[in-house]
Amino acid sequence: MKNPDLRRVDAHEKVTGTARYGADRVPDDLAYAMFAPATIGKGRTLSIDTAAAEAVPGVRLVLTRFTEDELRGPGFLMGGGFAFQSLQPLLSDVVAYRGQPIALVVADTPVAATEAAELVRARYETEPFAVGLDDEGATSVLQEEVLPWFPDVKVGDAESAYAASPVQIDETYVHPAQHQVPMELMSSVVEWRGDRLVVHESTQNAGALRHGVAAQLNLDPADVEVISPYVGGGFGSRNALQPHIGPLALAARRLMRPVKLVVPRPQTFHTGSFRPVSRHRIRLGADSSGRLLAALHDAEHQTSRHDLYPAMFTEMTSRLYAVPNFGGRQRLVQTDVQTPGFMRAPMEGPASFAFESAIDALAYATGQDPVELRLANDTATDPVTGLPFSSRHLAQCLTRGAERFGWDKRDPRPGSMRAADGSLVGMGVAVGGHPVLVAPAVARMSAAADGRVTVSVDGHEMGQGIRSAIALLVAEDLGVPVRDVVVRVGDTRFAPQHLTAGAWGTATALPAVHKALGELRKHLGTGDTGTVDVAATVRATGGGSPEVEVTSVGPGQPPEMLDRSRAGLFSAAGPVFPDFTAFSWVAHFVEVRIEATTRRISVPRALCVADCGRVASPVTAASQVRGGVVWGISQALRESSEVDGRFGGFLNTTLEEYPFAVNADIQEIDFDFIDEPDLLLNDLGVKGLGEVTMIGAAAAVANAVFHATGQRQNQLPIRIEHVM
Ligand code: MOS
């Protein structure tokens, strides 16, 4: 590591409990809110009886309806609005899905609010509903017909090339719905300071929150402040305005008191987004040596009735290999749920499980080694556009990984390897890619006479380490101690705060900070490089605190992206690079053991080799990899949000019933970085890392399970009953 004094700049705050999360604010005279959720799968409320709730001691308000004048709809983030879904609860009698809030209680204590919310009773008129892809009443639409700006990927004539291929693989894979379940619950503290609204919430998108709630309440966005210095896990669940903020703000104004809401874990399964269920039919055509001639990827994924959450599965699967003919077709299935949304590796996670399982099947069908088959189909150019990749070290990820993992010790015959205790042993490989997304960013930087340098920039600290990466960059550039660098992120008072997601946070913030460093150096007259004695230089310039502000708009970003992100609107997906295609890449190697009698599946070791450009912050990058692999194992073996056509909504809404990987499930996780800067993208050569580390991990587990047992796994999670 270049700078040994850097671990994680906020480590001390985190472990001592001084880091402030959304619910950690306790202003004077605070009141507590709780929602009462609908208990039917779909329909409308005929009447809501709040008398018992109002009679609970300490209850101050029970609200069941706002007028359109008080509270406008927030709009759907992916449809030009601000919120995770367009549906605003408490604006009408419509119950779109089970779990939708129908009343808001505010009380002096959380206990009173909870008790009262449970006493709210509604009479309903019910309607038939659909929650699964194949349920009666689920309606399917071709994505490019309803969302023409998300066209399917089509190269050559895939159907004909597939039909003419000597070797054909045709498999269908189902990926379940899942929920993000971050450790920190969804929580907000909303307070009025005169006409100004101040929101403390752990969010990935303080800008959308600010502009969205301003639009909903007819406020000037300048009168809304959103403060979110830390996020206790986002994973996509906090990437937009939550429709509870408007009602909380209105309740706070009526009571003239600050209001806090901490959404209980079971309610979070219905009050925020989730990863929708998806189904993928993969057809691969190849010659007898395994060289790909055609690939067809037909995908369906779930959305809500009220919003069209787009599928973007084929953007990656069309670019993994040199496939001359590719046919993507994506369908959206409208069901009676809240609108789904992004969850780590939102598209590429499920897509890679399907596609990379099919590639493994092709390797076996052609008698090729799964690593060799992938290397033989590698490509230096983007098969969709014909442009070069800005950088692609995927083959190196595979070869370096195979060597480090000991792939040569693998006997390729399924079911052929045993551990000393009799367990079946399997080794699997899979690769993944994630488009490099970057957004425009504003950075402000000032130097003070005490030697400290303060940076304010677009970006949210979700635990991924953006603050550490920024502090390290500034410290190394100026030659100052890391402790003298103050980093402000997630706070609309100091810089605009566009969405941090899609692994673009660090790749977006660092180029802006780098540019600001250049400006600060000019301002201080210190030359372009070399150590700066900040305190002495500031004193020499007259002792004030010189501040610079820069706006960084990277390559491929049209000017309207900046306008959109300044307005809190979604704008990051789709930087269009004219001369190249940019992806981060990864290869995963996994060993599984299947206990001979119980068939319990475990993962004694996993290896991830990532090409994320330059590694900006080694310690936090390592954590990102571990987190991605842990989640890939969880995706493969544990997680599923269950639905039941009799009830609607999701059923397993507690941590007891929604299993995910825990410490006991995780053993050795090894990793390596290619660490080659991608200088076509930015001066620093950084690409995204957070998402790509999860992509392909579940497929590697599934492929290892096949190797151990000879049984293909076309569904996740893989459970004991699938390997009997
Ligand atoms: Mo990430 S799933 O794009 O917050």
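No experiment lies behind these values; they were computed from the predicted model shown. These numbers come from the heavy atoms of this one structure, side chains and all, not from hydrogens, waters or symmetry mates. Order of listing sets the numbers, starting from 1, for every ligand and every atom in it.
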Which protein N or O atoms sit under 3.5 Å from any N or O of ligand 1? Give each pair with its distance.
{"unit_1": "ligand 1", "atom_1": "3 (O)", "unit_2": "Gly502", "atom_2": "N", "d": "2.8"}
{"unit_1": "ligand 1", "atom_1": "3 (O)", "unit_2": "Glu691", "atom_2": "OE2", "d": "3.0"}
{"unit_1": "ligand 1", "atom_1": "4 (O)", "unit_2": "Gln204", "atom_2": "NE2", "d": "2.7"}
{"unit_1": "ligand 1", "atom_1": "4 (O)", "unit_2": "Gly236", "atom_2": "N", "d": "3.0"}

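Side chains of Gln216 and Gln88: a donor on one and an acceptor on the other come within 3.5 Å. In summary, the side chains of Thr268 and His179 do not present any donor paired with an acceptor at a separation below 3.5 Å, with no hydrogens or angles considered.
Ring centers of Tyr21 and Tyr230: under 6.0 Å apart, within the cut-off. Proximity of the aromatic rings of His301 and Phe313 is defined here by a centroid distance below 6.0 angstrom, and this criterion is met.
Among residue pairs with one or both ends in residues 681-699, those qualifying as side chain to side chain donor-acceptor pair (under 3.5 Å) are Arg344-Thr693, Ser391-Lys687, Asp611-Lys687; sequence neighbours excluded.
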**Message:** Using the rule given for side-chain hydrogen bond (donor to acceptor under 3.5 Å, both in side chains), can you reason through Thr500 versus Gln204, listing the C-alpha separation, both sets of side-chain angles and the distance that settles it, and then say yes or no?
**Reply:** CA-CA 5 Å; Thr500 302; Gln204 297 171 242; over 6 Å; no

